[in-house]
Number of protein chains: 2
Amino acid sequence: MSKVQSREKMLEAATRLFHLKGYHATGVNQILQESGAPKGSLYYHFPGGKEQLAAEAIQLSGQLIAGDIRVHLDKYEDAVQAFQQLIQFIAGQFERIDGLLELPTVPLGLLAAETAQVNEHLRQTCEETFGMWESLYIGKLLQCGYSDERARVISTSMIALIEGSVTLSLTRNTNGPLLQIRELIPALLSMK
Amino acid sequence: MSKVQSREKMLEAATRLFHLKGYHATGVNQILQESGAPKGSLYYHFPGGKEQLAAEAIQLSGQLIAGDIRVHLDKYEDAVQAFQQLIQFIAGQFERIDGLLELPTVPLGLLAAETAQVNEHLRQTCEETFGMWESLYIGKLLQCGYSDERARVISTSMIALIEGSVTLSLTRNTNGPLLQIRELIPALLSMK
DNA sequence: TTATATATAGACCAATCGTTATAATTTGGA
DNA sequence: TCCAAATTATAACGATTGGTCTATATATAA
């Protein structure tokens, strides 16, 4: 395994597993098994250990999702349509693996919730990532003529709504909740 | 420690810790320390072990929160007002302990998210609890003249929105997100 | 080709984990 | 008061955890 691949493969495996199962329920041995990398390499490439791996996984995932967000917000001029298509995209990403619903890039809800009280470094990383997504939403809404105040309120709520409905979707083992919140977007964006 | 107290104290401690830190980041030794109960008693009273403890904690917490929901939904005839007051109540429950924001009865977001893929029994318990809360919301909305379809869509979204904003509030260490979603309730409930 | 830096590989570590086992103590009822 | 059942108390268990360590292999530069 080449040096570039090893680090990358570990980060990919970690990203997937942390987002799926959370930080505490994912062991480094599991990440190594999935990535095929040797244990010594993990601490060589990530001297900060499991926590550094998680922080980088959050950032990587945050960037990927920001890319998705940009694509959808840029593609549609109308804010309602843009947000609805984004949510439709997320809902469409769910796939069934071994009978379980699984999301390749899971939003941050789980990691944020589980680290909020027990890991300050990761809490901050999550906060920054949410903040990055939120500014993308604010930018789009301002562009569409929403007041500064309104853009902020809607954007925070949009983050909450999407994270919450992903959790609900995973709990219920159906992407139904995401499809349902999509129907409410017109009402949510009705006041400027 | 009397027999009734022992079981109860363990369940209380478990409820608080599981909801605050999640299932996987809470150890049974920690629960025992906080409750003052001896280890043998834990397995005596909860023969299903940690998992049974968590399931009962979810149910207990779900009932307590259902009580809060009922109080607020019954107190106000107007749906917008009822939901806003409920959210205000949740936001008002945050308190600062050792500089960290802490919620005595935390909604289910964390437990639901972390168990969805790794513990079927707890996933089901979470699903049932969400379902119970959701029917309270549906009932109120139907009473207020919303269509069956609309009541369902709004209720699912309300669960998602509250869970998501609690996560955001804990991540950001401020109840600001909850206060922000409260402002959007009129828009959210604007279509019947 | 050789020397040096980088990365791998896997054994080992102490601590923690959830659970079990068993003896002792307490409680409740006759 | 006595006895059986309930509960407590605590040591021990096997498994897993994240991390350390050291020898070796590979990559790079001269």
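Below, chains carry the letters A, B, ... as their sequence lines are ordered, and counting in each starts from 1. Reckoned from all heavy atoms, side chains included, excluding hydrogens, waters and symmetry mates.
Rounded to whole angstrom, the span from the CZ atom of B/R7 across to the C1' atom of C/dT26 amounts to 19 Å. We find that CD1 of A/I31 is positioned 11 Å from P of D/dT17, with the value rounded to whole Å. Note: CZ (A/F18) to P (D/dG18) measures 8 Å, nearest angstrom. Atom CE in A/M10 sits roughly 10 Å away from atom P in C/dA9 (whole-Å rounding). Taking atom CG on B/L32 and atom C1' on D/dA11, their separation rounds to 15 Å, with Å as the unit. Put simply, CG on A/L42 is 20 Å from P on C/dC12, counting in whole angstrom units. C/dC17 atom C1' lies 8 Å from atom CG of B/N29, rounded to whole Å. Remark: P of D/dC13 and OH of B/Y43 are 17 Å apart, rounded to the nearest angstrom.
At the phosphate of D/dT17, neither OP1 nor OP2 sits under 4.0 Å from any side-chain N or O atom of A/H24. Close to D/dT8, at under 4.0 Å from its OP1 or OP2, lies a side-chain N or O of B/H45. Phosphate contact (OP1/OP2 of D/dT8, side-chain N/O of B/S6, threshold under 4.0 Å): present.
Distances were taken from every side-chain heavy atom of A/S41 (C-beta onward) to each of D/dG18, D/dT7, C/dA7; the shortest belongs to C/dA7. Across C/dT6, C/dT19, D/dT10, the shortest atom-to-atom separation from the side chain of A/Y44 is found for C/dT6. Residue B/K50 has its side chain nearest to C/dT19 when only D/dT8, C/dA7, C/dT19 are considered. Taking the side chain of A/K39 as heavy atoms from C-beta on, and the options C/dG10, C/dT8, D/dA9, the nearest nucleotide is C/dG10.
Contact annotation for B/G40: base contact, defined as any heavy-atom pair under 4.0 Å involving a base atom.
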- Task: Go through B/E12 and B/R16 one step at a time and tell me if the salt bridge (charged side-chain N to carboxylate O under 4.0 Å, His left out) criterion holds.
- Result: CA-CA 6 Å; B/E12 275 170 23; B/R16 183 175 163 271; over 6 Å; no

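In summary, the side chains of B/Q88 and B/Q84 do not present any donor paired with an acceptor at a separation below 3.5 Å, with no hydrogens or angles considered. A donor-acceptor contact closer than 3.5 angstrom is absent between the side chains of B/T129 and B/Q59.
A distance of 6.0 Å or more separates the ring centres of A/Y76 and A/F83.
The minimum heavy-atom distance linking A/K192 with A/C144 is given by the pair NZ-O, 2.9 Å.
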